[in-house]
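First the structure, in the form of structure tokens, and then the observations on it.
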Amino acid sequence: MSALNPSSAALRIALLALGALTLLPDTATTAAAGELPAISSRQRSEKKNFTDGEIVEGFLKTAFGAEYHLAGRVDRIRKFDGPVRVYAESDRADRKTQLAKVVADIAHRVQHLDIAMIATAEAANVRVKLVRDRDLFRTISSFYGAEKAREIRTSLDPQCLSGFRKNDNFEIEHSDVILTVDNGDFVFLDCAYEELLQSLGPINDTASVPWTMFNDNVSMGYFDVYDQYILNLLYDPRIKPGMTVAEVNAVLPAVLADVRTWVRQVNDLKE
């Protein structure tokens, strides 16, 4: 993370996104997502059946565009085109353990995504900086410069943040995620899922889709079924970096049929 120099034009930091979250009381910091009452209650009431139109709407609204962008076009598919390796920078072993579980859960639920934690920063293409809430603005400033950090705070007022840089083929080359460690388990897990997933490509938040965590009015704390559809569509090999909306729409029916089979299987959903 510290190796990034966002002021350099060569890096072309393209996009930033946040999770606008509601603070909830802290619980045991080692709790897994399913053990938190705030999460388990959401899982019990989760909507899991969606029409093709509902899934496609959310995919197109999050995979294209950007809630906040610094440079470059945002009308193309952006994704990693190879293995994703995540490194966590922190002295909080409990939060690093939780983050590793989040990464493993994403790997389990996205069929064509090769993602895993890694022990060294040098080989990572996703670097997660875990900081205290009081240090968040200072950390953002160290990455993006004081002026851009003030702009981000004014327009987004984030509790967590993610961004990526892409090449001319719209392949994501590197992502950075900033998470706060001291706002409780629910906020940490909610941020970790949203920002990690957005750092993989679907970085545009939307207020018009009520089932996605990429809606600032929605807090999940886990990898919900609807967003599994979005990520599995994005990482299907037939959806390629640089595709336009028209190009995606041409292959989407076949891709969606296969993604439905996978999401149903991995979540043990009924037909």
Side-chain angles (χ1 to χ4, degrees), residues 17 19 32-34 36 39-65 77-84 86 99-116 126 162 172 189-206 208-215 218-241 243 245 247-271:
L36 295 178
I39 293 176
S40 58
S41 63
R42 285 166 168 79
Q43 289 174 321
R44 286 193 298 269
S45 60
E46 178 187 359
K47 175 179 169 66
K48 298 180 180 179
N49 297 313
F50 302 95
T51 66
D52 287 354
E54 289 171 337
I55 295 170
V56 169
E57 178 189 11
F59 173 68
L60 295 178
K61 285 184 175 179
T62 57
F64 292 94
I77 287 291
R78 300 141 299 181
K79 61 187 282 189
F80 283 97
D81 193 29
V84 178
V86 182
L99 182 66
K101 290 180 179 179
V102 169
V103 171
D105 188 36
I106 293 170
H108 173 63
R109 297 181 187 280
V110 183
Q111 184 176 17
H112 297 290
L113 175 63
D114 178 3
I115 184 171
V126 176
S162 61
I172 299 175
L189 291 168
D190 198 32
C191 269
Y193 273 108
E194 179 175 1
E195 301 305 335
L196 273 174
L197 292 173
Q198 290 199 305
S199 77
L200 298 174
I203 206 163
N204 191 39
D205 277 358
T206 174
S208 63
V209 180
W211 313 291
T212 177
M213 69 178 75
F214 310 136
N215 179 335
V218 176
S219 296
M220 294 289 189
Y222 66 99
F223 196 3
D224 59 290
V225 168
Y226 187 81
D227 290 314
Q228 289 177 48
Y229 280 120
I230 290 176
L231 268 295
N232 275 284
L233 286 173
L234 180 61
Y235 276 87
D236 187 279
R238 290 163 287 188
I239 304 292
K240 301 183 184 301
M243 275 186 163
V245 172
E247 291 169 332
V248 167
N249 279 331
V251 300
L252 209 48
V255 174
L256 180 54
D258 292 342
V259 165
R260 277 195 176 279
T261 299
W262 168 260
V263 172
R264 185 167 57 245
Q265 173 186 324
V266 80
N267 291 280
D268 194 26
L269 300 178
K270 295 180 180 179
E271 294 281 353

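Since the model is a prediction, treat every value here as computed from it, not as a measurement. Numbers here are sequence positions counted from 1.
The nearest pair of heavy atoms linking Ser199 to Val126 is OG-CG1, 4.3 Å. Contact between Tyr226 and Glu57 at its shortest, heavy atoms only, is OH-C, 4.4 Å. When all heavy atoms are compared, the tightest approach of Ile203 to Ser162 is CD1-O, 4.2 Å. The two residues Leu189 and Ile39 make their nearest non-hydrogen contact at CD1-CD1, 3.8 Å. Scanning all heavy atoms of the two residues, the minimum distance from Asp81 to Pro241 falls at CB-CG, 4.3 Å. Of all heavy-atom pairs between Val209 and Gly58, the closest is CG2-CA, 4.1 Å.
To the nearest 0.5 Å, the span separating CD1 on Ile239 from CG on Asp236 amounts to 6.0 Å. Separating the OH atom in Tyr229 from the CD atom in Glu54 is a distance of 10.5 Å, to the nearest 0.5 Å. The OG1 atom of Thr62 sits 8.0 Å away from the CG atom of Leu231 when rounded to the nearest 0.5 Å. One finds the CG atom of Leu269 at 7.0 Å from the CG atom of Asn49 (value rounded to the nearest 0.5 Å). The structure places CG of Asn249 at 10.5 Å from CE of Met243, a figure rounded to the nearest 0.5 Å. From Leu256, atom CG reaches atom CD1 of Ile55 across 5.0 Å, with rounding to the nearest 0.5 Å.
Counting only distance, with no hydrogens or angles, the side chain of Gln198 and the backbone of Phe214 share no donor-acceptor pair below 3.5 Å. The main-chain N or O of Ala63 is found under 3.5 Å from a side-chain atom of Arg78 such that the two form a donor-acceptor pair. Side-chain atoms of Asp227 come within 3.5 Å of backbone N or O of Met213 as a donor-acceptor pair.
Note on Arg42 versus Asp224: no salt bridge recorded, every NZ/NE/NH1/NH2 to OD/OE distance being 4.0 Å or above.
Relative ring orientation between Phe59 and Phe64 is described as perpendicular, the plane-to-plane angle rising above 60° on a 0-90° scale split at 30° and 60°.
Side chains of Arg238 and Asp258 form a contact here, defined as non-hydrogen atoms less than 4.5 Å apart. At least one side-chain heavy atom of Val110 sits less than 4.5 Å from a side-chain heavy atom of Phe223. Between Val266 and His108 the shortest side-chain heavy-atom distance falls below 4.5 Å. The side-chain heavy atoms of Asp52 and Arg260, taken from C-beta on, include a pair separated by under 4.5 Å. The closest side-chain heavy-atom distance from Val255 to Leu233 is below 4.5 Å. With a 4.5 Å cut-off on side-chain heavy atoms, Leu234 and Leu113 do not count as touching.
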Could you go through Tyr222 and Asp105, starting from their C-alpha distance and side-chain angles, then the distance that decides it, and tell me whether this counts as side-chain hydrogen bond (donor to acceptor under 3.5 Å, both in side chains)? CA-CA 9 Å; Tyr222 66 99; Asp105 188 36; over 6 Å; no
Report the C-alpha distance between Phe80 and Ile115 in whole Å, list the side-chain angles of each, state the deciding distance to 0.1 Å, and finish with yes or no for side chain to side chain contact (heavy atoms under 4.5 Å, CB included). CA-CA 10 Å; Phe80 283 97; Ile115 184 171; over 6 Å; no
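Evaluation of the side chain to side chain donor-acceptor pair (under 3.5 Å) rule for Asn267 yields Arg109, Gln228 as partners, not counting sequence neighbours.
Annotation: cation-pi pair Lys79/Tyr235 present, NZ/CZ under 6.0 Å from the ring centroid and within 45° of its normal.
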